[in-house]
Structure formats: C-alpha cells, structure tokens
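The structure under discussion appears below in the form of structure tokens.
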Amino acid sequence: MTELAQRLSAIDAQIADAARAAGRDAGEITRIVVTKFHPAQLVRELHALGVRDVGENRQQELTAKHGELELDGLRWHFIGQAQTNKAGAIRRSADAVHSVDRVKIADALHRASENDDDVLDVLVQVNLTEDLGRGGVAPADAEQLAEHILTLPSLRLRGVMGVAPLDEDPASAFARLRAISDGIRRVALDATWISAGMTGDFAEAIAAGATHLRIGSAITGPRPDRG
Ligand SMILES: *Cc1c(COP(=O)(O)O)cnc(C)c1O
C-alpha cells in the first residue's frame with residue numbers, strides 16, 4: 001500500500017470510529033479530500049483509490065485541475081473565498097460551492113448559470129470567529145442570506161459551512177453552526193448539509209452532526225509551498 005492509501009484508510013477508520021461514538025452512520029458522511037496546492041497527479045491517485053469528492057480553495061487552481069483531469073464521477077467542491085468576477089469560472093468547474101457568504105456572490109453565481117437546467121449546489125458559509133474580516137456571513141445574517149439564495153432558481157441551497165476558530169473549543173463552535181443549520185432547515189427542508197471538520201477537528205464535527213468533512217493534510221501529507 002502507498003503512504004497515501006495508508007493515510008486515507010487510517011482517516012476513514014477514524015471517521016468510522018467517530019461516527020460510531022456519536023451513534024451515527026458513517027455512510028451518511030461525505031469525506032472531501034482537500035487537494036489545494038498539490039498537483040493534479042495527486043487527485044488522479046486519490047481517484048484511483050476511490051475518492052470521489054475533492055476540495056479546492058482557489059479558483060485558478062480549481063479551473064486548472066478541473067480542465068486537466070477527466071475522472072469518472074469526481075465531484076469538485078469549492079471551499080475558498082469567492083470573488084464576484086470569478087463566479088463564472090467557479091461555476092464552470094465546481095459541483096458545489098461551500099463558501100457563499102454574501103448576497104453579491106450568490107447573485108453573481110446565479111447570473112453565471114448557462115441555461116435553465118444548470119443548477120449549482122451551494123452552502124452558506126458562516127463565520128464562527130469574532131473577526132468580521134474572516135470569510136463567512138455573520139451568524140445573525142445567515143438565515144437572511146439563505147432566504148435570498150432560495151429566490152435564485154439556478155442555485156440549490158444544500159446547507160451550511162463553517163471553520164472552527166483556532167482559539168475556541170471546536171465542539172462549541174460546531175454547536176453554533178448546528179443551531180444555524182437547524183434554523184435554515186426550517187425554511188429550506190433539504191438544506192441538510194453541514195460542511196465542518198478539518199484535519200484537526202473532524203471528530204468533533206462528526207459529533208456535532210457534520211455531513212461533509214473537508215480533510216486535507218491528514219490525507220495528502222503536508223502541503224507544498226504556495227510558491
Ligand atoms: C485547507 C482547508 C481545509 C483542510 O485543512 P486541513 O487542516 O489540511 O485538513 C478545510 N477547509 C478549508 C476551508 C480549507 O481552506
């Protein structure tokens with residue numbers, strides 16, 4: 001087994017353990033492998049190991065890898081800060097955008113839709129930190145943003161996304177995200193995704209109800225320099 005295969009199966013075993021501990025079915029949890037800064041070849045290797053969901057946080061890198069690779073059944077998740085002038089490029093390469101955090105980016109993604117059948121999965125990214133400059137809508141404004149997204153027919157609201165702050169117990173941050181998810185699901189019944197949990201805190205995220213984990217370095221190994 002390659003080191004990559006070993007790391008992947010070790011993390012999957014930990015996901016299964018955490019799900020069991022939380023009384024949840026691991027089959028309802030999607031493990032997204034975050035491949036940012038790694039070459040397209042790594043995505044190819046992951047795909048050969050059965051990975052079907054990968055995450056990227058920069059539009060140019062997403063566009064380049066998506067253009068280079070044609071891999072059966074592979075889904076691309078965009079998890080980075082989205083700029084309105086890049087909305088079309090993001091939309092053409094991503095199957096899901098986790099980082100919708102303001103009306104402007106939702107509108108730009110909607111305007112970039114190619115035809116009536118083109119529907120993009122999106123999540124409302126919630127800022128779980130005290131720092132307003134970080135990505136994500138303020139918790140108090142999340143529901144209003146969700147309601148706006150529901151008015152845009154080319155976007156399908158799937159749920160919420162959050163990153164736990166470094167200076168807080170992730171369990172309490174994820175509990176806030178869960179509460180926001182509960183509120184949004186009252187107005188959008190099928191917005192059931194909770195995208196939470198990274199290398200350092202995916203077990204806590206699973207305990208808090210995460211449906212989509214975004215795990216990078218624990219699987220890929222350390223990221224190469226950004227250059
Ligand atoms: C990089 C990144 C991850 C993965 O981080 P790791 O700590 O390497 O698992 C998850 N979510 C977002 C938004 C990221 O940018």
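First listed ligand is number 1; within each ligand, the first listed atom is number 1.
- Within the structure, side chain to side chain donor-acceptor pair (under 3.5 Å) pairs that include any residue of residues 79-89 do not occur (at least two apart or interchain).
- In this structure, Leu128 and Glu168 approach most closely via the heavy-atom pair O-OE1, 4.0 Å.
- Residues with a heavy atom under 4.0 Å from ligand 1: Val34, Lys36, Asn57, Ile79, Met198, Thr199, Arg214, Ile215, Gly216, Ser217, Arg223.
- For the pair Arg31 and Asp53, the salt-bridge criterion is not met [side-chain N within less than 4.0 Å of a carboxylate O].
- Side-chain contact between Lys36 and Arg58: absent, with no pair of heavy atoms (C-beta onward) separated by less than 4.5 Å.
- Taking Glu204 as the reference, nothing meets the side chain to side chain donor-acceptor pair (under 3.5 Å) condition, with sequence neighbours excluded.
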Which atom pairs, donor and acceptor, lie under 3.5 Å between side-chain atoms of residues 105-113 and protein residues at least two apart or in another chain?
| unit_1 | atom_1 | unit_2 | atom_2 | d |
| --- | --- | --- | --- | --- |
| Asp107 | OD1 | His148 | NE2 | 2.7 |
| His110 | ND1 | Ser154 | OG | 2.7 |

